[in-house]
Amino acid sequence: MVVHFGPCRIELIQGDITQQEVDVIVNAANSKLAGGGGVDGAIHQAAGPTLMQETRMLYPDGCPTGSAVATTAGRLNAKYVFHAVGPIWAGGERNEKKLLASAYSTCLDLAREHRCDSIAFPAISTGVYAYPIDLAAEVSLTTTRDLINQHKTPTLVRFVLFGPGPYGAFARVLEVLAE
Ligand code: APR
């Protein structure tokens, strides 16, 4: 599914984010940037060991929840990996919505700073961190829509959803935003 917002577009696809050819691949990391399972494990495995070496060297103190940091992308077909740290879902009363929005907006800010025109996101926080997928779709897509409307870049924002459930949740929200 593709929806245009002025010169920019939001694309939804089902697939594996490590296979994308874009300027930036976003990782759903933890605040220690220590690696892990899920999309984090897949990205480190596909990118190779230089990703962790660079992350440790540049960001020994990790990255706060709701923010993101940039490294090069190793063997991935991308210029950069942005390691974004989403919130752990704790019922919705612990600032999770603001922190998730801020993880996305930091990545979109970094993309502009690095002059990157295409970026692929996973559904940050919706796996191990248990953020409900419908609520995550709402926050992720409205934050993205608002920022691309404001800055007119990056021109391609692709959400790579892992399976039909997450894809359906994102598609329902994007359909409403397209109206
Ligand atoms: N491509 C795209 N999406 C993927 C992939 C992949 N290869 N693998 C998993 N996903 C999806 C999951 O299905 C989920 O919808 O990414 C989403 C985010 O799930 P997680 O990877 O578990 O990330 P998150 O919920 O943000 O939890 C972060 O998990 O592995 C650890 O180090 C990571 O501690 C951190 C935590």
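Order of appearance sets the numbers: ligands from 1, and atoms from 1 within every ligand.
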Please evaluate residues Leu51 and Thr71 with respect to the criterion side chain to side chain contact (heavy atoms under 4.5 Å, CB included), reporting the C-alpha separation (whole Å), side-chain torsions for both, the decisive distance (0.1 Å), and the verdict. CA-CA 7 Å; Leu51 196 65; Thr71 64; 3.3 Å; yes

Check if [X] has a non-hydrogen atom at a distance under 4.0 Å from any atom of ligand 1.
| X | value |
| --- | --- |
| Ala34 | no |
| Gly37 | yes |
| Ala123 | yes |
| Asp16 | yes |
| Gly15 | yes |
| Ser125 | yes |

Quick check on contacts: which atoms of ligand 1 are under 4.0 angstrom from a heavy atom of [X]?
| X | value |
| --- | --- |
| Asp40 | 32 (O), 33 (C) |
| Ala28 | 23 (O), 26 (O), 28 (C), 33 (C) |
| Gly35 | 32 (O) |
| Val160 | 2 (C), 3 (N) |
| Asn30 | 32 (O), 33 (C), 34 (O), 35 (C) |
| Gly36 | 30 (O), 32 (O) |

I'd like to check whether Val128 has a polar contact with ligand 1, where a contact means an N/O of the residue lying under 3.5 Å from an N/O of the ligand. yes

Any N or O on Thr126 sitting closer than 3.5 Å to an N or O of ligand 1? yes

Heavy-atom closest contact (Ala137 atom, Val173 atom, distance):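 It is CB-CG2, 3.8 Å.
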
Kindly indicate, with the supporting measurements, whether the criterion side chain to side chain contact (heavy atoms under 4.5 Å, CB included) is fulfilled by Val160 and Gln20. CA-CA 9 Å; Val160 183; Gln20 305 305 309; 3.8 Å; yes

Below 4.5 Å, heavy atoms only, C-beta onward: do Pro154 and Leu108 meet side chain to side chain?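 Of all side-chain heavy-atom pairs linking Leu108 with Pro154, at least one is under 4.5 Å.
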
Minimum side-chain heavy-atom gap Lys97-Glu138 below 4.5 Å: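 They are not in side-chain contact.
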
Which residue in the set Leu99, Ile88, Leu100 passes side-chain contact (heavy atoms from CB on, under 4.5 Å) when paired with Tyr131?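 That would be Leu100; it is the only one of Leu99, Ile88, Leu100 passing the side-chain contact (heavy atoms from CB on, under 4.5 Å) with Tyr131.
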
Protein residue, atom and distance nearest to [atom], heavy-atom basis:
| atom | value |
| --- | --- |
| atom 1 (N) of ligand 1 | Ile17 N, 3.0 Å |
| atom 16 (O) of ligand 1 | Val39 CB, 4.1 Å |
| atom 25 (O) of ligand 1 | Gly127 N, 2.8 Å |
| atom 3 (N) of ligand 1 | Phe162 CB, 3.6 Å |

Classify the ring geometry between Phe159 and Phe121 as parallel (under 30°), tilted (30 to 60°) or perpendicular (over 60°).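 Parallel.
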
Flag yes if more than 12 heavy atoms outside Lys152 fall under 6.0 Å of its NZ atom; otherwise flag no.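 Check passes, neighbour count above 12.
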
Is it the case that atom CZ in Arg94 sees more than 12 heavy atoms from other parts of the structure closer than 6.0 Å?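 No, CZ of Arg94 has 12 or fewer neighbouring heavy atoms, counting only those of other groups under 6.0 Å.
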
For Val157 and Cys8: C-alpha separation, side-chain torsions, deciding distance, then whether side chain to side chain contact (heavy atoms under 4.5 Å, CB included) applies. CA-CA 8 Å; Val157 181; Cys8 303; over 6 Å; no

Tyr59 and His83: aromatic ring centres closer than 6.0 Å? no

